[in-house]
Protein chains: 2
Amino acid sequence: MFSTYIRSIPTQNVKYINKHAVLDLIRFTPGGISRAELAERLSLTRAAVTPIVDDLLERRLIQETHNRSSVNGRPPILLEINPDYGYIAGVDMGAAHLTVLIANFAAQVLIEREVGFEIADGPAVCLRQVDELLRTLLNELGLGLSDLAAIGVGVPGPIVAEAGMVLAPPIMPGWDRFPIRDALEARWGRPVLLGNDAELGALGEWAYGAGRMEQNLAYIKIGRGIGAGLFIDGQIYRGATGSAGEIGHMTIREDGPACTCGNRGCLEAIAGGRAVAAKVMAAIRCGRRTELAALPEGEKMTIADVAEAAARGDLVAQEVLAEAGAHVGIAIASLINLFNPNIVVVGGAASKMGDVFMEPLRQTVMKRSLPAASQSVRITTALLGGRSSAIGATVQALSLALHEIALDREGLRV
Amino acid sequence: MFSTYIRSIPTQNVKYINKHAVLDLIRFTPGGISRAELAERLSLTRAAVTPIVDDLLERRLIQETHNRSSVNGRPPILLEINPDYGYIAGVDMGAAHLTVLIANFAAQVLIEREVGFEIADGPAVCLRQVDELLRTLLNELGLGLSDLAAIGVGVPGPIVAEAGMVLAPPIMPGWDRFPIRDALEARWGRPVLLGNDAELGALGEWAYGAGRMEQNLAYIKIGRGIGAGLFIDGQIYRGATGSAGEIGHMTIREDGPACTCGNRGCLEAIAGGRAVAAKVMAAIRCGRRTELAALPEGEKMTIADVAEAAARGDLVAQEVLAEAGAHVGIAIASLINLFNPNIVVVGGAASKMGDVFMEPLRQTVMKRSLPAASQSVRITTALLGGRSSAIGATVQALSLALHEIALDREGLRV
DNA sequence: GTTTTTTGTCAAAATTCTTGACAAAGTTGG
DNA sequence: CCAACTTTGTCAAGAATTTTGACAAAAAAC
């Protein structure tokens, strides 16, 4: 049944919409797709697909690739994105790490690097670090900034998309209303797309990760902060003001510990990176044996440190992570009851934790969400590991670039 | 920017989509709308709107009404739905009440009635009561079942839309997988649309209530159960399997009281109708004075009883409701952090409670949700009072009816 | 009363899809 | 090994629906 109210389609948009649908389907189909299958998947006729594909071929956005098919009739000509059309960069600023990668137009990662980082150092310091790392990587590839068609940037806070800044971010002291996008565009002279790290993680996992092409995907990023990205019906869900997905500030325990957001009992204050580190420290003070006691004094313990210790068999680390997993499970159970996703992808530091974290999480979810929703949900770790958000940033930047190239010399209304 | 991936538009759909957009915009614009404004709002030209409107006029779905405009030029001819095209019924089965109403095609309520009810009596008893009440109302209007174009029915459980039944509903014992829609269609010989009561409440409040035409609306239905309906971008959001919005089973207190769903600490177990009644009973046993002690022994106390007592100044009732409001506020704060809606409409029994309930709720929300989301959200009681869901059911049934009439003799692909 | 403004309509042009036919390029089976 | 079959991709003609541009209609403003 027709279920969306009040949506219209001026004719000028039709070809454009179909062209983009074709382009996106080519982008997101691994191994290429034929004209015939494009037609079938998009409910168009083969005859309608041909001129659209011709247009994209002419712009050199896509290319024909030779088939290795096994069916009956004439073998299809597979279409794929022209990887060498240009380059895209993806940046993911976490609370305690920075990931930068450079990919070609087929979203294949050419180079990537993750370094330590401290978001609380503020925009001036952090953006310089981002800039340096990006230029280093470009250098190593023998490229310059002008080779980049666009740059996607993820940050761990609520985004005001039009303004290109974050609004009242709980874990980004000093960044409130700082014009991140404008500053980076001025520095680089290239289009920059700012996004929330969890949203971009959702996009990344939807496009190339564990939740490929799922209708309703939730991505949970575990780190110092805990954020959710919601991907619904082929779109990032941002809510009224772009701050949807703040699962980290869901109340888990009414009178729980104080949170950076000013409230009490938030998930983040119970199971976020800082809380995990604090619990390990408490265990150390209680005299329990853990390799984490040996960390250099000056350096702050991150959740990644704890994850690594747990992986090496450290019992204290495992215990703390299991507890955190159960708490995150409570929040995810609520999310599942509210959102009823097909799939929940848990990423960020969780991708390094494995079952120590995921098993208690899964068990809690199964216990605490309604069967109607929990029976149909898959809960898994991020296929892209710690790179979900950086890859999502790339996907978003690439969408802009492809969009503009495909649009060139074509009108569009609203 | 173009932000939805992989959506195509076969040509045959275009006119149909535009026709529906026109029809819906006429439906949902109070006082009528002119062709010129339709064109502007839908990004079409006036010349394109004319034939669409002509088509709808010819089918007698809409009519021209004479203007009382005050602008400069030629006065517009306002268009509105033809109210007398036919009739629609809306049914809302709550846990402890049943509402049935009959409306014309303009969704004007012609007659309505609310009666006591017990969903736990099971399908056989309940559907007979629904049937009786519907026939009574039809009778009073001098109508028969054959005058109804469609009937919308809301129930308090997770819906499997295709099957027309509920799946593992926590507060509908005996209804699991009972073919509700088919049973009613067989009984009435008319098309029946089954929906979740909270979803339909959201639709009702979006169409004709407190949240008219908002982009992101959440409706919270307070009763024995507590459910949320999410209305996003002109659509009910149902999630992967149609069970989105089960806020009543969000965990509020890890080791809280047992819930009917089998879990502990659910919102519903703390602030649902049963919990509220239990708290009042506890106060009575403690010897506190309340008019609710005078309720007839055999009859179960409903949340509506408590609301009425509170409105008459009963202190115990007020206290219990204030506490419930604060707990619901915790859940709504989490919902706001996750969903970032424009507006949260609180309905069901809450529409009778007023500020006793809403003030603690609002305060808790403001305290427990992030500023980025809470600054932009409006929290209000249902404008349609206890009728939100029944009216939503009407709107949905009407959509089907209008849709079919407008579609008649026109092709459609996928 | 003329000018201005806005609404609604019409015919011609434009756009983009579908229909139906067909060539191309393989596989299958006797 | 060749004919029959199957599927893909393309083409020209036709169809559907919108836009463009012009204009009549209806009321307010000057």
Side-chain angles (χ1 to χ4, degrees), chain A residues 7-22 26 32-58 62-79 406-407 409-414, chain B residues 7-22 26 32-58 62-79 406-407 409-414:
Chain A
R7 184 186 62 187
S8 68
I9 303 187
T11 243
Q12 301 163 318
N13 284 14
V14 172
K15 185 183 177 188
Y16 173 75
I17 291 174
N18 286 342
K19 189 150 98 177
H20 248 265
V22 166
I26 293 173
I33 185 170
S34 68
R35 290 167 178 80
E37 199 185 336
L38 282 169
E40 198 188 346
R41 298 272 304 272
L42 299 174
S43 302
L44 296 169
T45 57
R46 281 172 297 162
V49 169
T50 292
I52 295 176
V53 166
D54 286 348
D55 177 294
L56 295 173
L57 282 169
E58 205 174 306
I62 62 173
Q63 60 190 20
E64 298 187 332
T65 150
H66 279 301
N67 54 74
R68 13 86 258 168
S69 99
S70 57
V71 278
N72 240 349
R74 168 175 172 177
I77 304 168
L78 298 180
L79 301 163
L407 179 62
R409 302 196 138 273
E410 286 197 346
L412 171 68
R413 259 190 169 220
V414 175
Chain B
R7 183 186 61 188
S8 68
I9 304 188
T11 258
Q12 301 163 319
N13 283 13
V14 173
K15 185 181 178 188
Y16 173 75
I17 291 174
N18 287 341
K19 189 150 100 178
H20 247 265
V22 166
I26 294 173
I33 186 170
S34 68
R35 291 167 177 80
E37 200 187 333
L38 282 169
E40 198 188 344
R41 298 272 305 270
L42 299 175
S43 302
L44 296 170
T45 57
R46 280 172 297 160
V49 169
T50 292
I52 296 176
V53 165
D54 286 349
D55 177 295
L56 295 173
L57 281 169
E58 207 174 305
I62 62 173
Q63 60 191 19
E64 298 187 332
T65 149
H66 279 303
N67 53 73
R68 15 86 258 168
S69 98
S70 58
V71 279
N72 239 350
R74 168 176 172 176
I77 304 168
L78 298 180
L79 301 163
L407 178 63
R409 303 194 138 276
E410 286 195 345
L412 171 68
R413 254 188 172 220
V414 173

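Chain A is the first sequence line, chain B the second, and so forth, proteins listed ahead of strands; every chain is numbered from 1.
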Undergrad: Drop me the distance from D55(A)'s CG to K15(A)'s NZ, to the nearest 0.5 angstrom.
TA: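 If I round to the nearest 0.5 Å, the distance is 5.0 Å.
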
Undergrad: Report the nucleotide, chosen from dT16(C), dG8(C), dG20(C), that has the shortest atom-to-atom distance to any side-chain atom of A47(A).
TA: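 My answer, after comparing the listed nucleotides, is dG20(C).
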
Undergrad: To the nearest Å, give me how far apart CG (L44(A)) and C1' (dT15(C)) are.
TA: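 To the nearest whole Å, that distance equals 15 Å.
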
Undergrad: Of the listed nucleotides (dG8(C), dT7(D), dT17(D)), which one gets closest to any side-chain atom of V14(B)?
TA: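 Out of dG8(C), dT7(D), dT17(D), the nucleotide with an atom closest to V14(B)'s side chain is dT17(D).
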
Undergrad: A406(A) and H20(A): which non-hydrogen atoms are nearest, and at how many Å?
TA: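 Heavy atoms of A406(A) and H20(A) come nearest at CB-NE2, 4.3 Å.
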
Undergrad: Looking at dT19(D), I'd like to know if its phosphate oxygens (OP1 or OP2) sit under 4.0 Å from a side-chain N or O belonging to T45(B).
TA: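 Checking T45(B) against dT19(D): at least one side-chain N or O falls below 4.0 Å of OP1 or OP2.
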
Undergrad: Using a heavy-atom cut-off of 4.0 Å across all strands, would you classify A36(B) as base, sugar-phosphate, or nothing?
TA: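 Here A36(B) touches the backbone only, sparing every base.
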
Undergrad: Nearest whole Å is fine: how far is dA25(C) C1' from R35(A) CZ?
TA: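 Nearest whole value for this atom pair: 14 Å.
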
Undergrad: Excluding sequence neighbours, so at least two apart, what forms side-chain hydrogen bond (donor to acceptor under 3.5 Å, both in side chains) with E64(A)?
TA: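 By the side-chain hydrogen bond (donor to acceptor under 3.5 Å, both in side chains) rule, E64(A) matches R35(A).
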
Undergrad: Less than 3.5 Å between a donor and an acceptor, one on the side chain of R74(B) and one on the base of dT6(C), is that the case here?
TA: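 When only heavy-atom distances are counted, R74(B) does not reach the base of dT6(C) through any donor-acceptor pair under 3.5 Å.
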
Undergrad: Within the structure shown, what part of the strands sits under 4.0 Å from R46(A) by heavy-atom distance: base, sugar-phosphate, or nothing?
TA: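 Base contact - R46(A) has a heavy atom under 4.0 Å of at least one base atom.
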
Undergrad: Give one of base, sugar-phosphate or nothing for A48(A), where a contact means two heavy atoms less than 4.0 Å apart.
TA: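 If one applies the 4.0 Å heavy-atom cut-off, A48(A) turns out to touch a base.
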
Undergrad: Just N and O in the side chain of N18(B): are any of them under 4.0 Å from OP1 or OP2 of dT18(D)?
TA: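 Looking at the OP1 and OP2 atoms of dT18(D), one of them is under 4.0 Å from a side-chain N or O of N18(B).
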
Undergrad: What are the two closest non-hydrogen atoms of S34(B) and L78(B), and how far apart are they?
TA: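 Nearest heavy atoms, S34(B) then L78(B): N-CD2, 3.8 Å.
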
Undergrad: In whole angstroms, how far is the P atom of dT18(D) from the CD1 atom of I17(B)?
TA: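 Checked: the CD1 to P distance equals 11 Å.
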
Undergrad: In whole angstroms, how far is the C1' atom of dT7(D) from the CD atom of E40(A)?
TA: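 Spelled out: CD on E40(A) to C1' on dT7(D) is 12 Å.
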
Undergrad: Atom CD1 of I77(A) to atom P of dA24(C): distance rounded to whole Å?
TA: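 From I77(A) CD1 to dA24(C) P: 13 Å.
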
Undergrad: Among L38(A), N18(A), L42(A), which residue satisfies the side chain to side chain contact (heavy atoms under 4.5 Å, CB included) criterion with I52(A)?
TA: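 The residue from L38(A), N18(A), L42(A) that satisfies side chain to side chain contact (heavy atoms under 4.5 Å, CB included) with I52(A) turns out to be N18(A).
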
Undergrad: Atom CG of D54(B) to atom P of dC10(C): distance rounded to whole Å?
TA: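 The answer, rounded to whole Å, is 7 Å.
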
Undergrad: To the nearest Å, give me how far apart CG (L78(B)) and C1' (dG8(C)) are.
TA: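 Checked: the CG to C1' distance equals 13 Å.
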
Undergrad: Check the distance between dT17(D)'s P and I52(B)'s CD1 and give it to me in whole angstrom.
TA: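 The distance from CD1 of I52(B) to P of dT17(D) comes to 9 Å, rounded to the nearest Å.
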
